[in-house]
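Encoded as structure tokens, the structure appears first; notes follow it.
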Amino acid sequence: SNSKGDTTLQVVADGSLELRMGRGGHYEVSGAVGAVPIQFLVDTGASVTAIPRQLGERIGIRECAAIGFDLSRDSEPGCCRPEVFRTANGTAEGCVARVPSIRFGAFELRNPRVAVMPGMDGQALLGMDVLRHFSLVQEGGRLRISRAGR
């Protein structure tokens with residue numbers, strides 16, 4: 001980043017990614033949150049990108065102090081603010097934190113926010129807050145993700 005503490009969202013996109021529909025009509029892509037590899041489920045019905053709580057713990061996300069500022073550097077995850085999410089199965093308590101990066105295919109988002117959720121079975125969800133930065137074309141059991149505006 002160009003300055004210390006620059007935590008604005010940046011999208012680094014190169015080329016495009018073509019995914020094949022998997023079992024259950026879902027698209028999956030392998031990627032990473034911070035330095036930790038994870039399998040993402042592409043979920044255009046989810047408004048926020050979500051990661052399992054265990055992954056959040058592995059990359060060092062911790063709860064926010066009740067008062068005070070988050071002083072974490074942009075190379076490390078921010079603290080996690082508690083939030084209640086409405087899901088298909090009712091409400092769930094999780095928290096929201098900034099992470100240094102999310103990568104999938106040749107794409108990287110720096111400093112995106114993610115929901116950290118319990119009970120996600122070790123798989124992360126790539127939601128519309130990330131996907132809206134890209135162009136998505138679905139055709140015959142394939143999904144092409146490319147840089148928006150091309």
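Worth saying up front: this structure is predicted, and the values here are computed from it rather than measured.
Under the 2.5 Å SG-SG cutoff, C64 and C95 do not qualify as a close cysteine pair.
Taking both residues in full, the closest heavy atoms of Q39 and Q123 are given as O-CG, 3.3 Å, listed atom of the first, atom of the second, then distance. Considering every non-hydrogen atom in both P77 and I59, the closest pair reads CG-O, 3.2 Å. Summarising the geometry of C79 relative to A97, their closest heavy-atom pair is O-CB, 3.5 Å, with the distance given to 0.1 Å. When all heavy atoms of C80 and V116 are compared, the closest pair comes out as SG-CG2, 3.7 Å. For the residue pair G78 and S72, the shortest heavy atom distance occurs at CA-OG, 3.3 Å. Closest approach of P118 and E93 over heavy atoms only: CD-O, 3.2 Å.
Taking the six-membered ring for Trp, F40 and Y27 have ring centres at least 6.0 Å apart.
Taking 4.5 Å as the limit, every side-chain heavy atom of S75 sits out of range of all side-chain heavy atoms of P100. Residues I38 and F104 fail the side-chain proximity criterion, which asks for heavy atoms closer than 4.5 Å. Between V33 and V114, every side-chain heavy-atom pair lies at or beyond the 4.5 Å cut-off. Contact of the V11 side chain with the F134 side chain is registered, since non-hydrogen atoms from C-beta on lie closer than 4.5 Å. A 4.5 Å side-chain heavy-atom check between E28 and R23 finds at least one atom pair inside the cut-off. Using a 4.5 Å heavy-atom threshold, the side chains of P37 and S30 count as separate. For the pair F107 and L17, the minimum side-chain heavy-atom distance is below 4.5 Å.
Both M117 and V96 are part of a single hydrophobic cluster, where members link through side-chain heavy atoms under 4.5 Å apart. L55 is not connected to L125 by any chain of hydrophobic side-chain contacts under 4.5 Å among Ile, Leu, Val, Met, Phe, Trp and Tyr, and they are in different clusters. Note: the hydrophobic cluster containing L109 also contains V36 (ILVMFWY, side chain heavy atoms under 4.5 Å, direct or indirect links). Hydrophobic clustering (ILVMFWY, side-chain heavy atoms < 4.5 Å, transitive): M120 and L41 are in one cluster. Neither V48 nor I61 shares a network with the other; the hydrophobic side chains, linked directly or stepwise wherever heavy atoms of I, L, V, M, F, W or Y lie under 4.5 Å apart, form separate groups for each.
More than 12 heavy-atom neighbours from other residues, nucleotides or ligands sit within 6.0 angstrom of CZ on R62. At most 12 heavy atoms of other shown residues, nucleotides or ligands fall within 6.0 angstrom of atom CD in E63.
A distance-only check finds no donor-acceptor pair linking the side chain of D43 to the backbone of L126 [under 3.5 Å].
Of the inter-residue distances, the one linking T49 atom OG1 with R113 atom CZ reads 13.0 Å to the nearest 0.5 angstrom. Expressed to the nearest 0.5 Å, how far CZ of R144 lies from CD of E139 amounts to 7.5 Å.
For the side chain to side chain contact (heavy atoms under 4.5 Å, CB included) test with I145, the passing option among V29, V137, L19 is L19; the others fail.
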Could you walk me through whether L136 and L143 pass side-chain contact (heavy atoms from CB on, under 4.5 Å), step by step? CA-CA 7 Å; L136 305 180; L143 176 66; 4.2 Å; yes
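Salt bridge present: R110 and E108 bring a charged side-chain N and a carboxylate O closer than 4.0 Å.
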